[in-house]
**Student:** 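Just dropping this structure here.
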Amino acid sequence: MRKITSLTIAFVLTATLTACASETTLPEPKVQKTAEYVFEQDKFTSIAKQAQTAIEKADTQLDKTLLQDRVAGLVLSQREAQYELKKIVGANYILPSIGISPDATIIASGKQFPRSLATITEPNDAQNFQTLQLWSLDAPREALKLWGQVYLFPGLDVPSLKSNLSNVAGYSKNDAKKYLATPDEVSAAYVKYLTTGETAGTSFTADDNVYIAVKTQKDRFATAVADLGSVALQASARENVYRTVPTENGGMIALTEITYDLSVTRQDEEATLRLRGDIGAWAANESGAAVDVKDVLTATYGIQVAFYIPASGSKEKVKVIGAGSPTLLAVSNE
């Protein structure tokens, strides 16, 4: 008799991470009064309001082109994928909130480009957690755009953000020796940690919320598949895809994207592995649909992750301080 295992793969990572992010975690930014500001607060307020309006319109029409004047980077690429899923499943999928606070104090990475501006949005009617936004100004005559956003985890000891003004260049690869590791080194080490559980090379605070949530998701896949198949996880990260902002103790916050593939391999040729939920809907391009695993089905997710990277010589460890809503980017079935 042919075995049929029908699995509804609900994505639990968002709920797991959100439940861990309901308190204020990052101290209020400290403002300097020397040299000159690299971006005026009033100008930022105006731009942030424009971004809010653009996001509201784009979310209503599920049209990424309406975002492009004020949204870029990780927010734009992930929002595009979120719109695609929303078009397929409709009311069964709720777009993750993008929190913007136009009046928030801006913290600048320094005068060089790409220039990052960080803001913190407190809990509000749209979200019950504190978020960190990073805005990017890639060149002198380009527009400032929202580049990345994470919600912050409570209970972590993280230094205050500190703005670099016009007398400070800001982070570059030439400053690598000033930090415990570079953003690319941290991303590469974290990819290995997510994939294998090993932290060799970079000292992380173990069992952070992202690691636990991703591992839990993989374990639930494996439990559901049982002996009819196997489940593998492979994480990855692109080089030079990050934005940074300094902390008062000489460290920095780096925001980047980690992607990971969850692959289900059918091992019992007599069995039918049938996946539902967002994966089934995406694969079939139909709400409520199911997809039968051919040989290997791979679901690719992207998640924005913020790291605190201490200064060189510090006894502190690299920490994951926040993460964005995990986004389903693609499904392949071969």
Side-chain angles (χ1 to χ4, degrees), residues 14 18 21 26 28-29 31 37-87 93-110 113-152 161 163 170 241-245 253-257 302-306 322-327:
T14 300
T18 302
L26 205 60
E28 287 297 312
V31 179
Y37 293 101
V38 296
F39 205 91
E40 296 178 0
Q41 184 76 42
D42 289 346
K43 185 177 181 181
F44 169 78
T45 297
S46 175
I47 290 172
K49 289 179 179 178
Q50 294 172 29
Q52 278 184 319
T53 300
I55 292 168
E56 290 171 359
K57 290 182 178 179
D59 284 359
T60 299
Q61 301 181 39
L62 303 181
D63 184 356
K64 70 170 186 177
T65 63
L66 299 176
L67 297 173
Q68 293 173 347
D69 288 345
R70 287 301 177 197
V71 179
L74 305 183
V75 176
L76 180 61
S77 62
Q78 292 192 3
R79 206 60 166 182
E80 179 182 3
Q82 291 161 2
Y83 286 164
E84 290 304 309
L85 184 58
K86 180 69 173 177
K87 289 175 183 177
Y93 177 70
I94 299 175
L95 292 170
S97 63
I98 299 178
I100 295 177
S101 181
D103 297 322
T105 300
I106 57 175
I107 301 298
S109 60
F113 296 93
R115 181 179 297 164
S116 300
L117 299 179
T119 57
I120 298 173
T121 297
E122 299 299 331
N124 52 47
D125 292 340
Q127 56 190 29
N128 63 350
F129 41 82
Q130 188 189 40
T131 58
L132 171 70
Q133 293 79 38
L134 281 186
W135 301 71
S136 184
L137 188 63
D138 292 345
R141 281 178 284 276
E142 291 192 14
L144 180 71
K145 298 182 180 183
L146 179 63
W147 191 90
Q149 173 185 279
V150 297
Y151 39 83
L152 298 165
L161 303 180
S163 193
V241 180
Y242 58 82
R243 292 293 184 270
T244 67
V245 68
I253 304 298
L255 193 154
T256 187
E257 181 183 51
I303 181 170
Q304 297 180 53
V305 181
S325 297
T327 297

**Student:** For Pro102, does its backbone N or O pair with a side-chain atom of Thr45 as donor and acceptor, under 3.5 Å?
**Tutor:**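 Yes, Thr45 side chain to Pro102 backbone: donor-acceptor pair under 3.5 Å.
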**Student:** With sequence neighbours left out, which residue pairs that include part of residues 52-75 fulfil the ring-ring contact (aromatic ring centres under 6.0 Å, His included) condition?
**Tutor:** none
**Student:** Under the criterion side chain to side chain contact (heavy atoms under 4.5 Å, CB included), which of Val245, Val241, Leu74 is the partner of Leu255?
**Tutor:**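 The residue from Val245, Val241, Leu74 that satisfies side chain to side chain contact (heavy atoms under 4.5 Å, CB included) with Leu255 turns out to be Leu74.
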**Student:** Got a second to check how far Ile55's CD1 is from Leu95's CG, nearest 0.5 Å?
**Tutor:** 11.0 Å
**Student:** Return the set of residues passing ring pair (Phe, Tyr, Trp, His ring centres under 6.0 Å) with Tyr93 (not counting sequence neighbours), or none when no residue passes.
**Tutor:**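 Ring pair (Phe, Tyr, Trp, His ring centres under 6.0 Å) check on Tyr93 returns nothing, list empty.
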**Student:** For residues 54-79, which residue pairs qualify under ring-ring contact (aromatic ring centres under 6.0 Å, His included), counting only residues two or more places apart or in two chains?
**Tutor:**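 Checked against ring-ring contact (aromatic ring centres under 6.0 Å, His included) - neighbours excluded - no pair reaches residues 54-79.
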**Student:** Hey, can you pull the donor-acceptor pairs under 3.5 Å for the side chains in residues 138-147, sequence neighbours left out?
**Tutor:**
unit_1	atom_1	unit_2	atom_2	d
Asp138	OD1	Ser136	OG	2.5
Asp138	OD1	Arg243	NH2	3.1
Lys145	NZ	Gln68	O	2.8

**Student:** Measure across Leu67 and Ala54 and return the closest heavy-atom pair with its distance rounded to 0.1 Å.
**Tutor:** CD2-O, 3.9 Å
**Student:** Give the intermediate values and the outcome of side chain to side chain donor-acceptor pair (under 3.5 Å) for residues Glu122 and Ser101.
**Tutor:** CA-CA 8 Å; Glu122 299 299 331; Ser101 181; over 6 Å; no
**Student:** Is there a donor-acceptor pair under 3.5 Å between the side chain of Gln52 and the backbone N or O of Ile100?
**Tutor:** yes
**Student:** Counting N and O atoms only, with roles assigned by atom type, does the side chain of Gln41 sit under 3.5 Å from a partner on the main chain of Ala104, one being a donor and the other an acceptor?
**Tutor:** yes
**Student:** Just grab all the salt bridge (charged side-chain N to carboxylate O under 4.0 Å, His left out) pairs involving residues 39-63, residues at least two apart or on different chains.
**Tutor:** Asp59-Arg79
**Student:** Are Trp135 and Phe44 an aromatic pair by the rule of ring centers under 6.0 Å?
**Tutor:**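 Ring centres of Phe44 and Trp135 closer than 6.0 Å.
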**Student:** In Å and rounded to the nearest 0.5 Å, what is the OH to CG distance from Tyr83 to Leu66?
**Tutor:** 7.5 Å
**Student:** Taking all atoms of both residues into account, what is the closest heavy-atom pair of Ile303 and Gly324, and its distance?
**Tutor:**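 Here Ile303 and Gly324 meet closest at CG1-O, 3.7 Å.
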**Student:** Knowing that exactly one of Gln82, Glu80, Glu84 qualifies, which makes a side chain to side chain donor-acceptor pair (under 3.5 Å) with Lys64?
**Tutor:**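 One option only clears the test, and that one is Glu80.
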**Student:** Which value, rounded to the nearest 0.5 Å, describes the distance between Leu76 atom CG and Thr65 atom OG1?
**Tutor:**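 Atom-to-atom, Leu76:CG and Thr65:OG1 are 10.0 Å apart.
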**Student:** Answer yes or no: is there a donor N or O on one side and an acceptor on the other, between the side chain of Gln304 and the main chain of Val150, under 3.5 Å?
**Tutor:**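 No, Gln304 side chain to Val150 backbone: no donor-acceptor pair under 3.5 Å.
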**Student:** How would you list, by chain and number, every residue that makes a salt bridge (charged side-chain N to carboxylate O under 4.0 Å, His left out) with Lys86, sequence neighbours excluded?
**Tutor:**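 Counting only residues at least two positions away or on another chain, Lys86 forms no salt bridge (charged side-chain N to carboxylate O under 4.0 Å, His left out).
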**Student:** Given 3.5 Å as the limit, does a donor-acceptor pair link the side chain of Gln133 with the main chain of Ile98, or not?
**Tutor:**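 No; judged by distance alone, with no hydrogens or angles, the pair does not exist.
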**Student:** Is there a side chain to side chain contact (heavy atoms under 4.5 Å, CB included) between Ile253 and Leu134 once you walk through the steps?
**Tutor:** CA-CA 10 Å; Ile253 304 298; Leu134 281 186; 5.7 Å; no
**Student:** Run the side chain to side chain contact (heavy atoms under 4.5 Å, CB included) check on Leu117 and Leu137 step by step: do they pass?
**Tutor:** CA-CA 8 Å; Leu117 299 179; Leu137 188 63; over 6 Å; no
**Student:** So which atom in Ser163 and which in Ile106 form the shortest heavy-atom distance, rounded to 0.1 Å?
**Tutor:**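 The pair with the smallest heavy-atom distance is OG-O, 4.4 Å.
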**Student:** Considering all heavy atoms of both residues, which atom of Leu132 and which atom of Ala118 are nearest to each other, and what is their separation?
**Tutor:** CD1-CB, 4.2 Å
